[in-house]
Undergrad: 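Next up is a structure, given as structure tokens.
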Amino acid sequence: MTDFAATRAMFHIPEGITYLDGNSLGPMVRTAPARVARTVEAEWGEMLITGWNKAGWMDQPSRVGDRIARLIGAEPGTVVMGDTLSIKVYQALAAAVDLNPGRKVILSDTGNFPSDLYIADGLVHTLGEGYTVRTVAPDEVEAALDSDTAVLMLTEVDYRTGRKHDMRRLTTEAHRAGALTVWDLAHSAGALPVDVAGAGADFAVGCTYKYLNSGPGGPAFIYVAPRHAEAARPALSGWLGHEVPFAFHPDYRPGRGIERMRVGTPPVLQLAALEAALDVWDIADIVDVRSRSIELTEAFIQGVEAKCPTLTLASPRDPRARGSQVSFQHPEGYAIMQALIANGVIGDFRAPYILRFGFTPLYIGMEDVDRAVATLAEIMAKSLWDRPEYRARARVT
Ligand SMILES: Cc1ncc(COP(=O)(O)O)c(C=O)c1O
């Protein structure tokens, strides 16, 4: 059984803050500053360019990828780190479309993260030749799969509502229809058990700055199923995905397996922060994390519904049908969230009226749930949110 007091002690949470926004940006592990400082001073500072070999910077994207692989049920050697998630969505999607010639439709849902849909739009524009993106309501995805579907591209857990797709079932149905799958695990990796290999996923991608706590701008990961690894075209054919980058051949030849999904120079400092953050998984079990997260979200929903009758639950009521976040809606959602933040409870807001609360048992306990409910109840009962400064929109919500 995971000792959540021990995992919590690994994080720095500022005094007086209840942090319910790890679904957007995870907090810092206490060891991150020293780990990054070591990379800066002892490696960059002392080794200079020899650090690429001596400090193992060049192998870091696959080495760290293998640690992520264990968290998402991927086979060793099938995950690599680098770039941002939007870039990795592009690569996975382009490779999947290319592996399924003759079919022209990328199917997704209306709840998908806008960047994924924008990237798909950009890709079909570049491809031309009748390629299109089709979006349907989340619960209509299965029925929308047909003989035109080249790729089913979904985010497993909806960023706004927390609604969770059944990855295994939809992957099976997509394959039955002759389509390939691209799964975005941004709100799954580190939040709940994921089994990409067991589900038969073709491609998966995700970020590390949310539930994996790599810090702002931390790199993304990409998984390619072993059956596609030697056939997938990486789309962004950068030099570090080349078979022999340091031969400097004028022609591109894809590297072996997952290595081809690398593009350019890896973000060494961010990967150092991520390596420190991943140490928490040496003492945390994702199955325990999931069951504790369900206890926390259930208690939060019960508390808010009992004390804040004007807030409406926007997440599935069945805990098995949602991820590790809970959303409520209210026409004044933005101002309410600003009032909460001003009172030390940090969640976030997603337009047009969603208040999001992420529950990460690694550093959130029942006392945080109680405090969040009590603070929200007071804000609602006394209309404390009704102030002009809480209505003024900041650039990042
Ligand atoms: C589901 C999902 N996909 C894609 C992205 C975009 O990620 P990035 O900004 O790293 O490209 C996000 C960002 O929050 C996300 O939540």
Side-chain angles (χ1 to χ4, degrees), residues 20-27 61 64-65 68 72 79-94 96 106-123 133 135 138 141 151-165 167 170 181-192 194 196 201 203-223 235-236 261 263-264 266-267 269-271 273-274 277 314-315 322-327 346-351 354 356-358 360 395-397:
L20 304 182
D21 213 1
N23 52 308
S24 209
L25 176 71
V64 177
I68 302 282
I72 60 166
V79 175
V80 77
M81 313 302 299
D83 316 297
T84 70
L85 177 50
S86 302
I87 301 282
K88 274 4 211 176
V89 168
Y90 184 88
Q91 275 191 297
L93 196 53
I106 295 170
L107 178 64
S108 191
D109 72 13
T110 49
N112 206 345
F113 191 76
S115 194
D116 295 30
L117 299 176
Y118 303 159
I119 289 283
D121 262 351
L123 176 64
V133 181
T135 53
V141 166
V151 180
L152 175 63
M153 175 189 78
L154 293 173
T155 295
E156 187 190 17
V157 175
D158 186 307
Y159 75 102
R160 220 177 321 198
T161 63
R163 180 192 186 283
K164 182 176 163 299
H165 279 298
M167 178 151 80
L170 285 171
T181 54
V182 172
W183 286 97
D184 182 336
L185 304 176
H187 300 267
S188 313
L192 41 93
V194 179
V196 286
F203 294 85
V205 292
C207 57
T208 58
Y209 45 75
K210 299 181 191 292
Y211 293 98
L212 297 172
N213 312 302
S214 66
F221 64 84
I222 183 166
Y223 162 80
L236 299 171
M261 289 297 170
V263 182
L269 301 182
Q270 289 274 186
L271 281 165
L274 174 58
S315 297
R322 60 175 191 255
S324 202
Q325 77 178 62
V326 170
S327 302
I346 301 184
D348 66 16
F349 171 79
R350 285 295 172 262
I354 296 280
R356 288 198 308 183
F357 302 92
T360 314
R395 182 149 186 227
V396 176
T397 64

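Atom set for the values below is all heavy atoms of this structure, side chains included, hydrogens, waters and symmetry mates excluded. Read the numbers this way: they start at 1 and go in the same order the structure lists the ligands and their atoms. When a residue number appears, it is its place in the shown sequence, counting from 1. As the structure is a computational prediction, the values presented were derived from the model and not from experiment.
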Undergrad: Judging by distance only, is a nitrogen or oxygen of S115 under 3.5 angstrom from one on ligand 1?
TA: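 N/O-N/O distance below 3.5 Å does not exist for this pair.
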Undergrad: Any idea which part of D116 is under 4.0 Å from ligand 1, heavy-atom wise: side chain, backbone, both or neither?
TA: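 Just the side chain.
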Undergrad: Going from CG on L185 to CG on L212, what distance comes out if it is rounded to the nearest 0.5 angstrom?
TA: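 Reported value, rounded in 0.5 Å steps: 10.0 Å.
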Undergrad: Is any side-chain heavy atom of L271 less than 4.5 Å from a side-chain heavy atom of P219?
TA: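 Answer yes - side chains close enough.
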Undergrad: Would H187 count as a contact residue for ligand 1, given that I'm defining contact as a non-hydrogen atom of the residue lying under 4.0 Å from a ligand atom?
TA: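 H187: in contact with ligand 1 (<4.0 Å).
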Undergrad: If the cut-off is 4.0 Å to any non-hydrogen atom of S86, which atoms of ligand 1 fall inside it?
TA: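 Once the distances to S86 are compared, the set is 6 (C), 8 (P), 11 (O).
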Undergrad: Do side-chain atoms of K88 reach the backbone of M261 as a donor and acceptor pair under 3.5 angstrom?
TA: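 Yes; at least one donor-acceptor contact below 3.5 Å.
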Undergrad: Indicate, as side chain, backbone, both or neither, the part of L85 found under 4.0 angstrom from ligand 1 when only non-hydrogen atoms are considered.
TA: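 Both backbone and side chain.
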Undergrad: Keeping the roles fixed (side chain from T135, backbone from S108), state whether a donor-acceptor pair exists under 3.5 Å.
TA: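 Here the side-chain-to-backbone pair does not exist.
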Undergrad: Is I87 in polar range of ligand 1, meaning some N or O pair under 3.5 Å apart?
TA: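 No; every N/O pair is 3.5 Å or more apart.
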Undergrad: Which atoms from ligand 1 have a heavy atom of Y209 less than 4.0 Å away?
TA: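 Per the distance check, 7 (O), 8 (P), 9 (O), 10 (O), 13 (C), 14 (O).
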Undergrad: Look at the rings of H187 and Y159 and say which category their plane angle falls in: under 30° parallel, 30 to 60° tilted, over 60° perpendicular.
TA: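 Plane angle between 30° and 60°, so tilted.
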Undergrad: Examine the proximity of ligand 1 to A186 and report which part, side chain or backbone, both or neither, has a heavy atom under 4.0 Å away.
TA: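 It is the side chain that gets close, since no backbone atom is under 4.0 Å.
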Undergrad: Enumerate the atoms of ligand 1 whose separation from the nearest heavy atom of T84 is less than 4.0 angstrom.
TA: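 So the answer, numbered in order with elements, is 10 (O), 11 (O).
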Undergrad: Is a side-chain donor or acceptor of S214 paired with a backbone partner of T208 at a separation under 3.5 angstrom?
TA: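 Checked: pair present.
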Undergrad: Rounded to the nearest 0.5 Å, what separation is found between the CE atom of M153 and the CG atom of L93?
TA: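 One gets 5.5 Å once the value is rounded to the nearest 0.5 Å.
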Undergrad: State whether the shortest distance between N or O atoms of K210 and N or O atoms of ligand 1 falls below 3.5 angstrom.
TA: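 Yes; the residue has a nitrogen or oxygen that sits under 3.5 Å from a nitrogen or oxygen of the ligand.
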Undergrad: Can you check whether T155 has an N/O within less than 3.5 Å of an N/O in ligand 1?
TA: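 For ligand 1, there is no N or O atom that lies under 3.5 Å from one belonging to T155.
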